[in-house]
Structures are given as structure tokens and as C-alpha cells.
Number of protein chains: 2
Amino acid sequence: MSRSIVLGLNAVIVAVTDEQPRVLAVDSEEGVALPYGPLDPNRHRTLELGLRSWVREQTGLELGYVEQLYTFGDRDRVSGHDERLLSVVYLALGRERSVPLADATWRPIYDFLPWEDWRNGKPGSIDRQLAPGLREWMERVGRTADRRQRCAVSFGLRGAPWDGERVLERFELLYEAGLVLESSPNAGGKSSGRSMALDHRRMVATALGRLRGKIRYRPVIFELLPAQFTLLQLQRVAEALAGARLHKQNFRRLVQRGGLVEGTGALETETGGRPAELFRFRQEVLRERPAPGVGLPGLAS
Amino acid sequence: MSRSIVLGLNAVIVAVTDEQPRVLAVDSEEGVALPYGPLDPNRHRTLELGLRSWVREQTGLELGYVEQLYTFGDRDRVSGHDERLLSVVYLALGRERSVPLADATWRPIYDFLPWEDWRNGKPGSIDRQLAPGLREWMERVGRTADRRQRCAVSFGLRGAPWDGERVLERFELLYEAGLVLESSPNAGGKSSGRSMALDHRRMVATALGRLRGKIRYRPVIFELLPAQFTLLQLQRVAEALAGARLHKQNFRRLVQRGGLVEGTGALETETGGRPAELFRFRQEVLRERPAPGVGLPGLAS
DNA sequence: GTCTCCTATGCTCCTAGTGAGTATAAGTGG
DNA sequence: CCACTTATACTCACTAGGAGCATAGGAGAC
């Protein structure tokens with residue numbers, strides 16, 4: 001049984017609207033799925049171009065910022081295939097807009113990973129379901145020091161701090177423990193989140209973790225915002241991605257003194273309070289600071 | 001011409017000895033090459049296991065710490081192949097030791113990327129050859145604002161700071177400008193560095209950039225050290241990777257007060273001066289701090 | 001108008017961390 | 001005992017970050 005290799009291209013396309021980070025997904029037989037297409041060795045000169053063309057075809061969207069995320073290739077990650085399926089996954093950022101093709105829709109990321117959103121305090125499901133579930137799992141498979149350490153570090157148990165960037169570690173731990181079930185459309189209550197096709201939820205987890213890390217040292221957050229924005233809009237997007245509330249005054253101080261933005265003089269009056277100045281991203285910061293990012297005051301660094 | 005896909009696995013295996021970061025390489029027809037082997041869909045359950053088995057076969061080395069780096073898949077990156085070659089590249093860390101197989105040797109990374117080593121001041125080749133070369137290239141292809149920005153940011157020209165982590169950006173810029181020539185064993189003088197087979201030098205550049213970033217927020221540097229070490233040894237390894245000198249007293253303060261190491265009480269007397277205490281990595285730091293890394297005092301952060 | 005309730009924005013205070021350097025300790029080889 | 005090496009403790013100034021107070025300028029209720 002000499003199997004051939006098929007190379008798939010997947011995109012985790014992220015946008016933030018109404019203070020919710022969202023991912024563009026299509027409907028498939030296996031459930032909610034990321035835009036996908038196989039690499040065509042003849043047509044696609046590069047992997048990224050192949051990805052862009054598949055996304056265009058399936059969602060009508062022309063991608064802007066794109067970066068490679070990870071390549072998944074375990075044999076058992078998808079069942080029932082005759083070929084060996086490898087998937088190269090990309091992260092794309094953009095502003096949400098209506099998508100021409102009807103079956104492509106923007107879904108809130110935290111529907112799939114509800115334990116990652118701490119903006120309204122610690123999600124109750126962590127103490128109610130996930131932590132007990134992990135404990136049960138450890139009883140079942142053996143309470144090794146290594147497993148205890150992983151649980152503590154990933155979920156901030158036993159005095160460890162919560163680290164927003166460990167999204168993937170948390171997902172993989174829950175997966176191992178059988179607390180998130182994939183490939184079964186209606187599996188899991190609200191606690192363990194909505195599932196996706198195949199291992200697409202793992203891809204979303206990878207993307208969120210990477211994005212949370214990256215906004216701190218590269219100005220990628222501006223890919224998610226219009227050309228002009230108020231500082232509160234910027235903060236809301238940062239909070240949506242970080243999944244945590246930030247200290248307002250200090251956030252402003254950081255982005256302004258850090259030279260990331262510059263005022264335009266124009267005012268936004270639809271704020272519901274005092275009008276806010278509109279700002280724009282300051283390109284020159286790239287030449288001035290080695291690692292310009294937004295900084296997340298109020299988070300454990 | 002419907003081409004099939006071949007999936008290659010490459011390893012950038014890094015160790016530090018004699019204050020030099022080194023990469024394990026084998027000799028091939030095209031020149032110095034990274035350990036390589038195609039994925040066997042039947043034998044290799046995961047990509048990482050496939051990689052480990054190829055490295056074992058080609059170098060006799062059993063890998064420890066391994067992480068996925070990047071997947072290269074451009075059509076034109078290798079010429080003369082009938083199939084489309086994709087390469088999934090992994091970064092591996094270890095302590096250097098004699099390698100059973102004779103044609104696998106440890107080569108200094110800075111032989112391939114000499115402009116990355118600033119430990120003895122700014123490498124002269126930057127001002128002598130690379131910067132002028134980039135200028136010429138821009139004259140030739142057009143001096144767009146975007147190109148000027150890339151040059152300035154990557155190489156710290158026109159007042160921009162040098163950012164040690166932008167290894168890949170620098171390499172790609174030099175490659176575009178024709179200042180590093182691959183696939184020609186004797187190309188380039190000392191200035192542009194020794195070349196490697198195919199696009200393997202790009203892989204090494206990717207690995208070095210990732211590693212420089214990672215030691216700051218994950219304690220991976222200890223993978224490169226013996227179980228016990230003096231603080232100066234630790235510092236020398238950090239310097240070797242960062243390609244820069246660090247402030248000694250502040251470096252010690254950072255790793256000690258950061259809880260990354262703990263003294264063993266034992267002394268190392270072969271220092272040539274006052275004996276130094278031997279330290280070991282402190283596992284518990286993982287539970288205490290969200291992003292424990294060594295910190296590089298003296299570098300622009 | 002004026003009161004209340006928004007959000008925006010400026011400023012202060014305190015603490016922890018970082019950059020840079022001085023001083024002292026404890027070995028080695030002559 | 002000397003010069004020289006490396007180790008380690010400590011100081012000082014400065015900056016960045018956490019937390020909160022105070023004021024500014026709009027909208028809507030009355």
C-alpha cells in the first residue's frame with residue numbers, strides 16, 4: 001500500500017468586528033471548515049499564490065497580509081483517506097467585509113475556543129468543566145509529574161499565571177484528554193466549544209496563539225483596522241485578540257509614546273461622549289524601533 | 001506535464017561549541033547540505049518521526065529538542081527536478097558530540113552568514129561590500145521607497161537600529177540583490193559567506209532568526225548546555241546565538257533574579273580565575289513566569 | 001439652561017526593571 | 001608577593017509599567 005501524497009492549503013482568515021475576532025469559514029460535509037484547496041504543482045508557482053487563488057475561488061475574497069503558520073502531517077489526523085494528506089496552513093489578516101459567496105461566513109473565534117476569552121472575567125467553564133475534566137483524565141491515564149506540569153502551566157492552575165499565548169498547548173491538552181471532540185458536528189456543549197471539520201479547530205488555535213504573540217512585537221494589528229481609527233477602537237481590537245481587558249490610559253500611553261500612531265487632527269464624533277481624535281499607523285516606527293508592537297498593559301507580561 | 005509532489009524533510013541541527021554556533025551538515029553533490037530525506041507515507045507516522053529517523057540514518061545522531069520551522073514550496077527554488085519538491089524544515093537543538101558517521105560535520109553558522117556575527121564589532125563586510133552592493137542593486141532595479149525601507153530596516157542603515165532577529169529578511173534581501181549565490185560551491189568571497197546546497201542556507205538563516213527570538217521568551221538555551229554550567233558559559237552561548245556581546249553583571253542579574261537557574265553549590269575550578277559556582281536550569285520557572293527567557297542586556301530590545 | 005452620563009485625554013505617584021559602572025573576592029602562574 | 005584572570009556584590013540614574021485622579025467636551029433628559 002504505497003500511498004501518494006496530497007498537499008492541501010488552508011487559510012485561517014481573521015478579522016475583528018463588533019469587538020469579536022472572527023474567522024472566515026465555509027460549510028462542508030464534515031462541518032464548519034476553513035477555506036481549503038489542494039496544491040496544483042503546475043498552476044501554483046508558490047504555496048502562498050496557490051492559497052490566495054483557492055481563497056478567491058471559494059470565498060470571493062482577495063487576501064492582503066498572509067504568513068505561513070504550520071504544516072500538519074500526522075498520518076492519523078484525518079481518517080478515511082487513501083492518500084497521505086499534508087496541510088500547509090496560512091494565517092491571513094483583513095478587515096471584515098461582506099463576502100460575495102454566500103456559504104462563506106465570519107464566525108466568532110471564541111465560539112470554537114470559549115475558554116480563551118477572559119474579557120468578562122475568567123470563563124466559568126474552566127473551573128466548572130475543564131479543570132475537573134483534566135483531573136479525571138489524569139486519574140485515568142496516570143498522574144505523572146509531566147502531565148501535572150502541563151496542566152498547571154497551560155491553564156494557570158496551582159498558582160501558575162494564565163498565559164494568553166499558550167492557546168495551542170491548551171487545545172492539545174484538552175484534545176488529548178478527550179474534552180474537545182472534533183469531526184462530530186454537534187459534540188460538546190457550550191463549555192468545550194463548537195467543533196470544526198477535521199483538525200481545523202487546531203489550526204484556528206494555532207493562529208490565535210501566533211497572533212496574540214505577534215501583535216506585541218510587530219504592528220500587524222493595523223491590518224485589522226481601517227486606515228483611520230480612534231485609540232479606543234484600536235484598544236478594542238487588541239482586547240478582542242488578547243481575550244482580556246486592558247488599562248485604558250496606559251494603553252494610550254504605550255501606543256503614543258511608542259510612536260506607533262500619529263494623530264490626524266480629524267475628530268470622530270460618533271463616540272457617544274467627547275469626540276475622539278482619529279489616528280493612523282505611523283510607518284516610520286519600523287525604522288526607529290526594532291520590535292514595534294502594541295503592548296498589552298494590564299496583562300502579565 | 002502533471003507533476004507529482006515529493007515531500008522532503010530537512011533538519012537544521014544546532015549546537016554551540018567553542019563559543020561558535022554550529023550546524024550539522026553532510027556533503028552532497030551540490031555542496032554542503034543539511035540532513036535530508038523524503039517523507040515515506042507508509043513508514044513515517046508523523047513528519048517529526050520521519051525526520052528523526054532520517055537524521056539517525058544519515059548522521060547517527062539521536063535528536064532531542066525539535067520544532068517545526070517552515071515549509072518551503074516555491075516551484076523555482078530547486079531546478080532540474082521533474083517533481084515538485086516541498087521541504088518541511090525542522091530546527092533541532094543539542095549538545096555537540098562526535099558524530100558516528102564521518103561525512104557529517106559541525107560547521108560554524110557564521111561561515112555561511114558572516115554579517116550576523118557582531119561580537120567583535122560591526123562586521124566590516126557590511127559597510128565594505130553589502131551596503132554598496134545593495135545600493136548598486138537598487139540603482140539597477142529601481143530605488144522604490146519600499147526597497148529603501150527594507151534595506152534600512154534589515155541592515156540598520158540610515159539611522160535604523162540593527163535587529164538581530166531579522167536574519168531571514170537580511171538573507172532574502174541579499175539573495176534578491178544577487179549578493180549571495182547559492183548552488184555554486186565556490187561562489188562568494190569571505191564577505192558574502194560560504195554557500196550551501198540548494199536553498200539550505202536560507203533554511204539556516206530561518207533557523208538562526210527563530211532561535212534568536214526564542215531564547216528571549218522560552219528557556220530553550222538550556223538544550224544547548226550540559227546539565228551543569230557556570231554563568232559565564234551560559235552567557236557565552238547566549239552571545240554566540242545573539243551574535244553580540246552582553247553586559248556581564250546585568251546578564252547574571254537577569255537569569256538569577258528571573259529564577260531561571262539555581263546554584264548547585266559545586267564549584268568549577270578550571271576557569272583560569274576565581275572558581276565559579278555551577279548552576280542548573282530551574283524547571284519550576286515554567287510555572288512561575290509566563291515567558292521565561294534569558295534576556296539579552298546590552299542589546300537594543 | 002443645567003444636570004447627568006458618556007467617552008477622551010492629561011497628569012501624578014509609585015515600583016520594578018534595565019543600563020552602566022565601581023568595588024571586592026578568590027583563584028592561577030610567575 | 002606580584003600581575004592577571006574570572007567571579008560576584010553593590011550602587012546609581014533612568015525608564016517603563018501599574019494604578020488611579022482630574023479635567024475636557026460631547027449627548028440626552030428634564
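The analysis underlying the following values was restricted to heavy atoms, covering all of them including side chains, and did not include hydrogens, waters or symmetry mates.
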Open item on the list: Tell me the interatomic distance from A:Leu232, atom CG, to C:dA8, atom P, rounded to whole angstroms.
Closed with: 4 Å
Task: C:dG10 base / A:Arg253 side chain donor-acceptor hit below 3.5 Å - done: no
Task: Interatomic distance, B:Arg252 CZ vs D:dC10 C1' [rounded to whole Å] - done: 13 Å
TODO: Send over the distance from A:Phe251 CZ to D:dG18 P, rounded to a whole Å.
DONE: 13 Å
Open item on the list: Show the nearest heavy-atom pair for residues A:Met203 and A:Val12, with the distance to one decimal.
Closed with: O-CG2, 3.9 Å
Open item on the list: If you go through the side-chain atoms of A:His247, does one of them form a donor-acceptor pair with the base of D:dG20 closer than 3.5 Å?
Closed with: yes
Open item on the list: Rounded to whole Å, please give me the gap between CZ in A:Arg257 and C1' in C:dT9.
Closed with: 15 Å
Open item on the list: Could you tell me how far apart B:Gln235 (CD) and D:dT6 (P) are, to the nearest whole angstrom?
Closed with: 12 Å
- [ ] Mind checking salt bridge (Lys or Arg N to Asp or Glu O under 4.0 Å) for A:Lys248 and listing every partner two or more places apart, or none if nothing turns up?
- [x] none
Open item on the list: Output the rounded distance in Å from CG (A:Leu234) to C1' (C:dT9).
Closed with: 15 Å
Open item on the list: Using a strict threshold of under 4.0 Å (side-chain N to carboxylate O), is an ion pair present between B:Glu288 and B:Arg282?
Closed with: yes
- [ ] Measure the shortest side-chain to side-chain distance between A:Trp106 and A:Leu24 over non-hydrogen atoms and say whether it is less than 4.5 angstrom.
- [x] yes
Task: Partners passing side chain to side chain contact (heavy atoms under 4.5 Å, CB included) against B:Pro219 (at least two apart in sequence or in another chain) - done: B:Phe222, B:Leu260, B:Phe281, B:Leu286, B:Pro292
- [ ] Would you kindly give the CD-to-C1' distance between B:Glu277 and D:dT8, to the nearest whole Å?
- [x] 10 Å
- [ ] Whole angstrom is fine here: how far is it from CG in B:Asn250 over to P in D:dA9?
- [x] 14 Å
Which pairs, protein N/O on one side and nucleotides 22-26 of chain D N/O on the other, fall under 3.5 Å?
| unit_1 | atom_1 | unit_2 | atom_2 | d |
| --- | --- | --- | --- | --- |
| D:dA24 | O4' | A:Arg274 | NH1 | 3.4 |
| D:dA24 | N3 | A:Arg274 | NH1 | 3.1 |
| D:dG25 | N2 | A:Arg274 | N | 2.5 |

- [ ] For the residue pair B:Leu130 and B:Trp115, establish whether any side-chain heavy-atom pair is separated by less than 4.5 Å.
- [x] yes
Open item on the list: Is B:Lys248 close enough to D:dA7 that one of its side-chain N or O atoms is under 4.0 Å from OP1 or OP2 there?
Closed with: yes
TODO: Would you verify whether the NZ or CZ of A:Arg170 falls within 45 degrees of the ring axis of A:Trp162 while also being under 6.0 Å from that six-membered ring's centre?
DONE: yes
